[in-house]
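Per chain, numbering begins at 1; letters A, B, ... match sequence-line order.
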Amino acid sequence: EDFKIGLSNGWVGSEWRTQMIEEAEAAAALWKERGVNVEVVAQSANVDVPGQIAHVRNFISQGVNAIIINPNSPTAFDPVFAQAKEAGILVIATDAEVSSPDATYVGIDQKGWAMESAKWLAETLDGKGKVVAINGVAGHPANEMRVAGYREVFGQHDGIEIVNEVNANWDQAQGQQAMQNLLATYPDIDGVWVQDGMAAGAWRSIMDADKAGDIAATGEIRKDFIDIWTENKLNSGASVNPPGVMASALNVAVLMLQGRELKEPATAGQYGNAMYLPIPFISSDNLAEAAASMEGKPGHYSYTSALSIDDAEALFK
Amino acid sequence: MTKLKLSGVSKAYGATMALRHGDLEIEAGEVHVLIGANGSGKSTLCKIVAGSVRPDRGTVLIDDRPVTVSGPRAAKALGIGIFYQELSLAEHRSVAENILMPDLPRKGRLFVNREALAETAGRYIALFAQVAGEDLTADTPVGRLRADQRQLVEIMKALASKAPVLIFDEPTSALDRAQVDRFFEILRGLRNEGRSIVFISHRMDEIFAIGDRVTVIRDGETIGTTTIADTSPAAVIRMMVGEQEGLAVPQDAPPASATGGGTALSVAHLSGQGFSDVSFTVARGEILGLGGLHGQGQSALLRALFGAPPAHSGAVTLAGAALRTENPRSAITSGLAYVSGDRGRDGVITGRPILENVTPVHALRNRLMLASPGRLAAGALPALKALNTKFAGLSHPISSLSGGNQQKIVIARWLIDRPDVLLLDDPTKGIDLSAKADLFALIRKLAEDGLAIILYSSEDAELLNNADRILVFNGGSVRRELAGAERTRYNLYHAAYEAA
Amino acid sequence: MSQALSFLRNPLVVALALIVALLVLGNALSPGFASGQQILRLLIVAALLGIVAAGQNLVILGGREGIDLSVGGVVSLSAIVAGNAMNGLDAGIPAAILACVATGAFFGLLNGLGVTLLRIPPLVMTLGMLGVLQGLLVVIRQGVPSGRAAPALSEFVTRPFLLGLPGIIWLWIAIGLLMAFILNRTVLGHRIYAIGSNEHAAFMAGVPVRRMRVLLFVLSGVFSAIAGFCLLGYSGSSFANVGEQYMLASIIAVVLGGTPLSGGKGGYTGTMAGAVLLVILQSILTTINIEESGRQMVFGATLLLLMLFYGRGRGLRA
Amino acid sequence: MTATPSIAREGRGGFGALLDRFPFLPAIVILIVLLVLNGLFEPNSLSFRSLTGLVRTYMALMLLAVAQTYVVYAADIDLSVGAIASLVNVTIIVLMQHLGGGGLSVVAALGVGVLVGLACGLVNGFVVAALRLQAIVATFATSIFFTGLALTILPVAGMPAPTAFWRTYGGSFFGIPFVFYCVAVLAVLLYLLARSRLATQLLAVGDGQQAAFQSGLPVTAIRIGGYALCGVFAALAAFCITGDTASGDPLVGAKMTLFSVAAVVLGGSALSGGFGTVVGSVIAALIIGLINALVFFAGTPSHWQNFVQGLAILAALMVGILVSRRGRA
Ligand SMILES: Nc1ncnc2c1ncn2[C@@H]1O[C@H](COP(=O)(O)OP(=O)(O)OP(=O)(O)O)[C@@H](O)[C@H]1O
Ligand SMILES: Nc1ncnc2c1ncn2[C@@H]1O[C@H](COP(=O)(O)OP(=O)(O)OP(=O)(O)O)[C@@H](O)[C@H]1O
Ligand SMILES: [Mg+2]
Ligand SMILES: [Mg+2]
């Protein structure tokens, strides 16, 4: 069997995305052992939404069998996915959900991801205290889902007060600056809810201000940070969005291309087309374990997990 | 009835009083000449009438009714058309569009009527068809035209305003004689139609050829008005400069022959953009004139000697050694100096202090790295003094000076360190008469000190009065050399017009 | 405006007055904003921006629509180059400095050659270069671990060094003095202004116009590279596009500092004030608790308002 | 006697004259070369379906490039075109949603969208021409403001457009895809605008503001007119974005701004004003699209795609500028 699968990634600003593509390519190679030739073609570049729509159109022109996309927008791909489907192409989105009924989402629940770490923070603070949040890009769908997630959790704890929420555009330096400003303005905060790489920046500011002992803040999953975390015994917790999601999606896609049917159709999520993957969590309890799993990896390597082919097969009839 | 009357108009730019007290009365059906030294406020006065400068004080009356000219559009509505000294053309637009730009013919409310545009503009172009050159057509972008052709287009643009009051602020500075003659013919026609015309020029012969009355303006104040018929050039000049005596009035007598001092620069079979196969030598202490109609290769030759851009072929020898100029910088370090009359383009470093405008060449020739104001000033002041430059302080911006004084600053930059050869490319364009006299006295003195000087001038009198020898250019090459008693206006014209 | 008050037109005075006003406002909105520590932190951020703006300022002063949109790309790239060169070790710092400066100079040189030899408008050349640099960032980071800052560098940027000020602020002050000296007291400075205000006249007076312009772009690249180097110290490790935010911010700092984009006029002292002003403004906006949409609207409107103070062009009617 | 025998001047030979009339010729050549290359690497990319897709994707950039061109005519620049497009995009999406998504509501929303674009253009024109702020920084400031406004209207990307709306944009009538009707309407619009007084006056202002003012042109009004036109075209671009993405996104246009500037230059217009063509800008927008596609079809490894695209666009800009200058000099 021969399948050609297009991978579209619309943002290459982080190592996470690089790892995501690499893991997907590695997963494709593993199919060879099972006598399936999976050729992947990747378009991975910094593009805006129209630019990524162009990615999909390029794949359609090339006649791929399936497209796996980490989309820059939840809704903007409806028309072009409809065109892909017309051309007989399977479309799977990963990492961020899409509204198109012509696509399936395979990945984590971003809102649930935020809720996990928010829960950890709320529990660590014993359900009371002043909290600030440092978010990604305002208006970005993943960001907004995550915001909704932590707001919901903090809302359930009367004692938790969100004193400010700022945007640092998923930029580590901006996260560091934002944290600095926040520490100056609210010297008495107890907790920080911060996402992804910005967490490393925020923690830097917290440690610079000698407040590492007084403040609990969410963390991230790169080895660099895990090391700092271990070394400084930070009071942190991180839910994991593994870069392996695209590899998981690829395994699911190949099985679908083989004509296999899911045991449970993908109907989760707000758009009713999602298949959620489990969300690992790293806290001080299992930090050592996570650190051990990344032994020998470069500093930018993210803690990961993915559905193996067998895991994936188990989901199908 | 007075068509246009200004009284007590004034305008200050910061500390500079551009115009202290301007009075002017223009009748219908006259050509009214406005004359005054550089920086006396002529252009300012005109721009106030045309609405592009806001006066501080004073009244403007049209047909005896007081009016406020709130802008160029208001001026247009009041029946005032103007030729701007610095022109008001759009480079990339066609000649036709430029001529009618103030009021593009319309089709509907929104569209340009192309047919009407071509037709109307064509009529104005036809007025100058004989003298404008074949390449001035309705479709030509103005950017492709020569300086004189642009001035003609600006003239056409002023004419197309059909205004009862027409102001021409130095419209002839780039025109040749035939073009001026044609322009004057048209002006006379307009005067006979009963239009009121203001005419500004620094050329005395033109003023007496076309003017009915003349108003003299000095230091921003109107000195008086007389009828041309009742006055003489000398009398006008006396009014312009006040009580000062002994000013150079153009004389037709050629100057004394040059002192022989050995060859300074020799040029053999030089060809370049705009000129070909030019050969000559200049001796130390000699002023070599370049004559002929303008645009015949004189400026191009001077620029090529200066390396901007270099000549294509031929040889130049400076003091016995072969000279290679790749660009102005290498020319300067070899001892050449070049003064251009186009100070806006080639000279003035706009908005910067006078000091920085005088010293770049000095810094280059002495390979200076540091710019200590004291040391630079010590070099600059004598040169400025030699030219009688009027300025308040070396740290003032050059834009605070009048055009003439700006030009003196630019000239002074070449004289701080004495060059071996001085190239003068119409250096007095737009300079007033007394400044010209100062300048030529200085040039003669420099020659006596052993400089070799090459002078191109668009004014015959200047050449005849100052050059020891004149090469007459035509079509890019030297047609005739006039030396000694041959240097007469007749010979000059004869050679210049020979091939035409 | 009367003569006595004419100093109010001086952009530097305006900027300094606004800085004080903003600090007071910031402190009123969130007490502690104008504390010494916080001001110091703001100055560090301003220094990073100010160093980028030094190069931007030179290119803009040089006229001919001079502008450098590629500064952000150079900042990011040199942060990565520096990180890889030192890789967390103090011993690697000299090599990192060399590598950074060479990187900045190289891309500045390319910009300069494109602008002078090929006569591509600076906006276009540097915009194109920005695209190339952004692509290069992706290429370089592929598989290669992006390095970390050496401890000494981080100390230099964030810890007090002399008189309670971190080294980066001393560096910035030194750059300020150097720029003032170059612009006012050297022939080079005169030449920069000369080509900025009338390129052709400068050419005719023997100024090596083309070489000068190339030099300005090279300097811009070098300043951006220095900023990228310091930014690495500030954030500890390098990551893609750290410099992106500096592109338009550096231009705004220059403009708020009283150097018009038309060139030939202005200077660096104002730009330094402009950088501080911009950083304080952004910082106030982060600390006040409103929706992001509101922050952006306030920021945009405030920038316009600030420009009204001294960024206005001349009227057409004299 | 003729007084000015014009001495040998550089003739404006065939190529120069041709470029004078059609400054976008180099762009057309680049476009054709790119089409051929695309066809070589991926024959399918020249299929009717693929070309339709190309136009659909880059229609918005074409319109933004046109919008930018009109302000560049007058030597101004608008760094807020992308933000205006985003603002209009979210405005019409929210309106269509609120009005129920029927045909009438779509028309009403589009009408309001044009007005919003116009209003943004007028704001830009006001701050740049009337308040005399420097265009680059002032329009950057307004772009931040417009983005804030867009975020207020729709804080999160994702509200869907009525299906009929994007089905129309993506659909075909009488066998011809809808976008080609859009292209035809655009062509007529551009033709009319090229004959308008405003276009000529904008170019005259671009050639020299002072001269235009002294000629009696209402310079401020003309420049505001240019920005207004720009705003309207940015709104039209937003319609296409909305048609192609079927949703609202407060940041959707942000990255297109600099591409619109690049397209203007690539199309043969001078950023210094006074000279240019909108047709060139339209072609250049397609060039940018084709470069992006070619980089992929040529099999560039994914990490190199941005870099090669950047290089190719820089090279195209250089070639375009060099060729048009050689012709015009
Ligand atoms: N825009 C300006 N800003 C400052 N000063 C100015 C400006 N325009 C003119 N001036 C000054 O006003 C004075 C009068 O200038 P104006 O141009 O009216 O002289 P003019 O009589 O036309 O001289 P010329 O014969 O050289 O053209 C001069 O001192 C000049 O420097
Ligand atoms: N003939 C000319 N006329 C007008 N401007 C020119 C001419 N030649 C060059 N220029 C302008 O001057 C600049 C070139 O100056 P110049 O040749 O001194 O540069 P340079 O490279 O520093 O010198 P060098 O060739 O000695 O290295 C260009 O920007 C160009 O616009
Ligand atoms: Mg004058
Ligand atoms: Mg040179």
Side-chain angles (χ1 to χ4, degrees), chain B residues 11 13-15 18 44 47-48 51-54 70-72 303 306-308 327-333 336-340 342-353 355-373 376 397-399 410 413-414 425, chain C residues 1-7 9-10 60-64 116-117 119 178-213 215 258-267 313-318:
Chain B
K11 174 72 190 178
Y13 292 104
T44 306
K47 285 181 181 172
I48 287 173
S52 57
V53 164
R54 190 193 316 270
S70 59
R303 285 173 171 266
F306 199 60
N327 52 31
R329 198 160 73 262
S330 67
I332 291 167
T333 42
L336 265 55
Y338 170 86
V339 175
S340 157
D342 191 348
R343 64 174 169 279
R345 181 180 137 91
D346 296 333
V348 173
I349 299 167
T350 338
R352 298 306 300 169
L355 182 73
E356 285 180 30
N357 269 283
V358 199
T359 52
V361 174
H362 177 65
L364 174 63
R365 293 197 61 173
N366 295 285
R367 308 198 171 283
L368 297 185
M369 303 278 279
L370 299 184
S372 119
L376 291 180
I398 191 168
S399 40
V410 172
R413 101 168 36 135
W414 300 102
D425 186 359
Chain C
M1 211 179 291
S2 80
Q3 290 286 46
L5 291 178
S6 70
F7 72 93
R9 282 201 206 142
N10 184 337
I60 290 176
L61 276 180
R64 177 84 88 76
T116 53
L117 289 188
R119 287 186 289 150
L178 181 74
M179 289 280 288
F181 177 75
I182 289 178
L183 289 177
N184 299 314
R185 287 284 183 274
T186 66
V187 170
L188 179 71
H190 287 192
R191 288 178 170 177
I192 293 173
Y193 284 114
I195 64 170
S197 62
N198 186 347
E199 175 178 0
H200 198 262
F203 174 71
M204 296 303 272
V207 175
V209 177
R210 241 180 284 171
R211 223 180 290 165
M212 288 286 305
R213 206 174 294 286
L215 176 70
T259 302
L261 293 181
S262 47
K265 211 165 88 182
R314 295 176 57 124
L316 289 164
R317 190 158 184 240

task = Determine, step by step, whether Leu376(B) and His190(C) satisfy the side chain to side chain contact (heavy atoms under 4.5 Å, CB included) criterion, reporting the C-alpha distance in whole Å, the side-chain angles of both residues, the deciding distance to 0.1 Å, and the verdict.
result = CA-CA 12 Å; Leu376(B) 291 180; His190(C) 287 192; 4.0 Å; yes
request  = Select, from Thr186(C), Ile182(C), Val187(C), the one with the greatest count of heavy-atom pairs under 4.5 Å involving chain B.
outcome  = Val187(C)
key: Closest contact, heavy atoms only, Asp346(B) versus Met204(C)   = O-CB, 3.8 Å
key: Non-neighbouring partners of Pro260(C) that pass side-chain contact (heavy atoms from CB on, under 4.5 Å), sequence neighbours left out   = Ser262(C), Lys265(C), Gln134(D)
ask   = Heavy-atom distance under 4.5 Å to chain C: side chain of Arg352(B), backbone, both or neither?
value = side chain
inquiry  = Given heavy-atom pairs under 4.5 angstrom as the criterion, report whether the side chain, backbone, both or neither of Lys11(B) touches chain C.
reply    = side chain
inquiry  = Minimum heavy-atom separation for Ala201(C) and Ile349(B), please, with both atom names.
reply    = CB-CG1, 4.4 Å
key: Non-hydrogen atoms of Asn198(C) and Thr350(B) that approach each other most closely   = CB-OG1, 4.0 Å
task = Quick one: list whatever passes side-chain contact (heavy atoms from CB on, under 4.5 Å) with Leu215(C), sequence neighbours left out.
result = Leu188(C), Leu219(C)
inquiry  = Need one label for Pro373(B): side chain, backbone, both or neither, based on atoms under 4.5 Å from any heavy atom in chain C.
reply    = side chain
key: Portion of Ile332(B) that has a non-hydrogen atom of chain C nearer than 4.5 angstrom   = side chain
task = Identify which part of Val348(B) has an atom lying under 4.5 Å from any heavy atom of chain C, answering side chain, backbone, both or neither.
result = backbone
key: Residue pair Phe203(C) / Ala308(B): nearest heavy atoms and the distance that separates them   = CE2-CB, 3.9 Å
message = So, taking the atom named CG in Asn357(B) and the one named OH in Tyr193(C), what distance separates them when rounded to the nearest 0.5 Å?
response = 14.0 Å
